Structure formats: C-alpha cells, structure tokens
Amino acid sequence: VTVCGSWSSWMDHYKLGKSGDDFDGVIDLPVGKHQFKFIIDGNWTTSSQWPITYDKDGQANNVIDVAAPRYATGVPLRKFHNEIPEEVELTPAEPTTAAVAPKRGVGLK
C-alpha cells in the first residue's frame, strides 16, 4: 500500500508499513489542505476513515488539513519588547508532521 497526494503534485508515492492488519506511515507535509489517495495493487482508492472531498474533475479524494504549528499560547509578545518576563508558561508546538494512513485496520473502499 502506498499513498500519493497533492502535496507533491501527485508525483511521489510513499510506501506504508504493515503491522498486523494495519498500514501506517509518517509524511512531513507542508501547512495547508491536501488531497490524497491510497494505492493498493495498482488501484487508486479512498479510505472511509478520512474525510472525502472532490477535485475539479469530480474525482473523490481523501483530504487532510495541516495547521501551522503554535509555538506558545497565552503569551502577549509585547512582554518581550524590553525584558524577558520572570515566568512565562509555554505550550509545546504542535507537530507539522502528519500521519497519513487509515487509523485502524485497512478501512479502504
């Protein structure tokens, strides 16, 4: 099973690893909305475990929306203008790497 998507203009195919009945993989995706499909034995297919959208030609594709990472929340930047505050609680950044694989089992149609 491989996955291919709009993030590479549908050119790059990423092989998913198999563990029992599950297929998984990690692909470093740029921020934005991306369409993708799974390729099984040469047949392009969508998964019922991911949202589906339709391209301009009416073809069904799965879709993922990768959000920009957040480096800190609740910290007004003006506090850092002249001095560093003594205590600032930071929230870790959200990863920009998205796992693109059925979440549980094959789940492909």
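Just so it is clear, the model here is predicted, and its values are computed rather than measured.
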Legend entry - Non-hydrogen side-chain atoms of Val63 and Tyr54 separated by less than 4.5 Å: no

Legend entry - Note, Ile52 side chain near Asn62 side chain (heavy atom, < 4.5 Å): yes

Inset, instruction - Can you label the angle between the Phe36 ring and the Trp50 ring as parallel, tilted or perpendicular, going by 30° and 60°? - result: perpendicular

Legend entry - Between NZ on residue Lys18 and CZ on residue Phe23, distance to nearest 0.5 Å: 4.5 Å

Inset, instruction - State whether the side chain of Ser9 and the backbone N or O of Met11 hold a donor-acceptor pair below 3.5 Å, judged by distance alone. - result: no

Inset, instruction - Count the heavy atoms belonging to other residues, nucleotides or ligands that lie under 6.0 Å from CG of Asp57, then report whether that count exceeds 12. - result: yes

Inset, instruction - Answer whether the closest heavy-atom distance between the side chains of Val3 and Leu16 falls below 4.5 Å. - result: yes

Inset, instruction - Kindly assign one of parallel, tilted or perpendicular to the pair His34 and Trp7, based on the angle between their ring planes and the thresholds 30° and 60°. - result: perpendicular

Inset, instruction - Kindly indicate whether the side chain of Ile64, heavy atoms from C-beta on, has any atom under 4.5 Å from the side chain of Leu29. - result: yes

Legend entry - Nearest-0.5 Å distance, OG1 of residue Thr53 to NZ of residue Lys33: 7.0 Å

Legend entry - Cys4 vs Tyr14 side-chain heavy atoms within contact, under 4.5 Å: no

Inset, instruction - Name all residues meeting the side-chain contact (heavy atoms from CB on, under 4.5 Å) criterion together with Lys15; count only those two or more places apart in sequence or in a different chain, and write none if there are none. - result: Thr2

Legend entry - CD on Gln59 to CD on Gln35, rounded to 0.5 Å: 10.5 Å

